[in-house]
Amino acid sequence: MKEDIKSMSLEELEIFIESIGEKKYRAKQVFSWLYKGIYNFNDMSDLSKELRNKLDQIAYIERLDILKIQESKKDRTRKYLFGLRDGSAIESVFMKYRHGNTVCISSQAGCRMGCDFCASAIGGLTKNLSPSEMVDQVIAIEKDTGEKVNNIVVMGTGEPFDNYDNLCKFIVLIHTQEGMNMSLRNITVSTCGLIPKIKEFGTDFPQVNLAISLHAPNDAIRSKLMPINRKYPMDELLRVCHEHTMVTGRRITFEYALIEGVNDSSENAKELADKLSNILCHVNIIPLNLVSERDYRGGGRRSAQIFCNILTQNGINATIRRELGSDIDAACGQLRLKQKN
Ligand code: SF4
């Protein structure tokens, strides 16, 4: 079986290159070609013909297949549906912000966390993505748009901490100077609240931003929306979040999708403000995109503003997320679902 060369760290690539009788420095050359979006060993022009042929026989360069692109006419948000080797599909999103270009990547095909409001949960988990499948979402988008990606958020389909080892490898790969050289501070990982992994991640990558999909002010509502809350209840989750901010010195983002009649009342906002009062945090209020397969509706911009005002009046840093790509299938998992149907 051929080796997945794009999943190798620079150190692993050096060992691999030496193991086939080549000089160690060749690894840096190969590594930097991979991050320039080269998919064919033959195009690595500073390698000898012999080495190119050798690599071609024993290794492959992961390449995602672009199945579909939707571009928003309003804000140039581009949503990609990529095909994987095993026939499954994943989504990624390219967004333009004032502070730079952001790509939201998937960490799994499907997801087994079963959140009730999420289209990605329908159908369960298909597979964990390899490091190269995560990396190539970014490379393929840079190539397609011709634009540099400044920020990466691991917030697409899947629970990143349910694919922890590959997630960590992905972060190391895109941070490597000879490759994408992405600053750790420009990477954000979002979790639904796998407590043991939050602790581990704080130690492994204290500089990477952490976001928590919270979506509720108490256990009763959260357990209904997110089954993970029955295993890791909110008080414990918030305690660990507080510890995380103390260890890393970095602010946590809480994602809160407003769902009409479920978690969007003034009482909900006050209860949330109370629960978060001792945590260095920011609340990102998301007016929920309609998920047609589910019975949930967003409360709209006005109710988001009221909710946001209550949080800020109670001392919590909060903003309403700009609705990028509202004219395309912007909610996680929707494009993938349409492909399946
Ligand atoms: S919200 Fe995130 S963790 Fe929950 S089912 Fe969807 S992808 Fe999985």
Side-chain angles (χ1 to χ4, degrees), residues 79-82 84 88-93 102-129 133-134 137 152-164 166-167 170 187-198 200-201 209-217 219 221-234 237 240-241 252-259 262-264 283-298 321 325 329-340:
K79 186 152 190 170
Y80 293 81
L81 184 71
F82 288 115
L84 308 181
S88 51
I90 53 163
E91 297 176 5
S92 322
V93 187
T102 297
V103 164
C104 173
I105 68 149
S106 294
S107 55
Q108 297 178 310
C111 183
R112 63 187 178 127
M113 296 297 134
C115 300
D116 206 34
F117 51 83
C118 175
S120 300
I122 300 168
L125 177 68
T126 307
K127 78 176 272 261
N128 280 329
L129 299 194
E133 287 166 332
M134 287 189 245
Q137 293 172 61
I152 293 174
V153 295
V154 189
M155 241 180 232
T157 301
E159 163 53 53
F161 287 169
D162 192 34
N163 185 16
Y164 191 78
N166 287 349
L167 169 77
F170 161 74
I187 303 168
T188 302
V189 174
S190 173
T191 176
C192 66
L194 302 186
I195 287 179
K197 293 298 178 197
I198 294 174
E200 208 174 325
F201 195 66
N209 303 301
L210 182 67
I212 307 282
S213 297
L214 197 62
H215 309 312
D219 281 330
I221 298 175
R222 195 161 194 268
S223 292
K224 194 166 159 275
L225 293 175
M226 306 176 75
I228 193 69
N229 195 70
R230 293 173 212 150
K231 189 165 184 191
Y232 301 118
M234 232 176 116
L237 174 63
V240 171
C241 288
I252 282 187
T253 298
F254 290 107
E255 307 287 339
Y256 197 104
L258 279 186
I259 308 172
V262 175
N263 65 359
D264 65 341
V283 179
N284 196 10
I285 298 166
I286 306 157
L288 186 79
N289 282 303
L290 177 73
V291 180
S292 47
E293 298 77 13
R294 299 293 204 199
D295 217 8
Y296 292 129
R297 277 203 315 220
R321 185 194 281 178
D329 292 313
C332 266
Q334 287 187 336
L335 204 57
R336 184 172 156 263
L337 274 182
K338 284 197 175 159
Q339 172 78 7
K340 279 184 163 179

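Only this structure's heavy atoms are used, side chains among them; waters, hydrogens and symmetry mates stay out. Small disclaimer: the values here were computed from a predicted structure and weren't measured. One-based numbering, in listed order, for ligands and for the atoms of each.
Metal site remark for atom 8 (Fe) of ligand 1: C192 contributes no N, O or S atom at a distance under 2.8 Å. Taking backbone and side-chain atoms together, C111 has no N/O/S atom less than 2.8 Å away from atom 4 (Fe) of ligand 1.
Here the straight-line distance linking atom CG of L214 with atom CE of M226 works out to 7.5 Å at 0.5 Å rounding.
Contacts of Q137 classified as side chain to side chain donor-acceptor pair (under 3.5 Å), with partners at least two apart in sequence or in another chain: S92. Contacts of Y164 classified as side chain to side chain donor-acceptor pair (under 3.5 Å), with partners at least two apart in sequence or in another chain: D204.
Close approach of ligand 1 to G158 (heavy-atom distance below 4.0 Å) involves ligand atoms 7 (S).
Checking side-chain atoms of R230 against main-chain N and O of S223 turns up a donor-acceptor pair under 3.5 Å.
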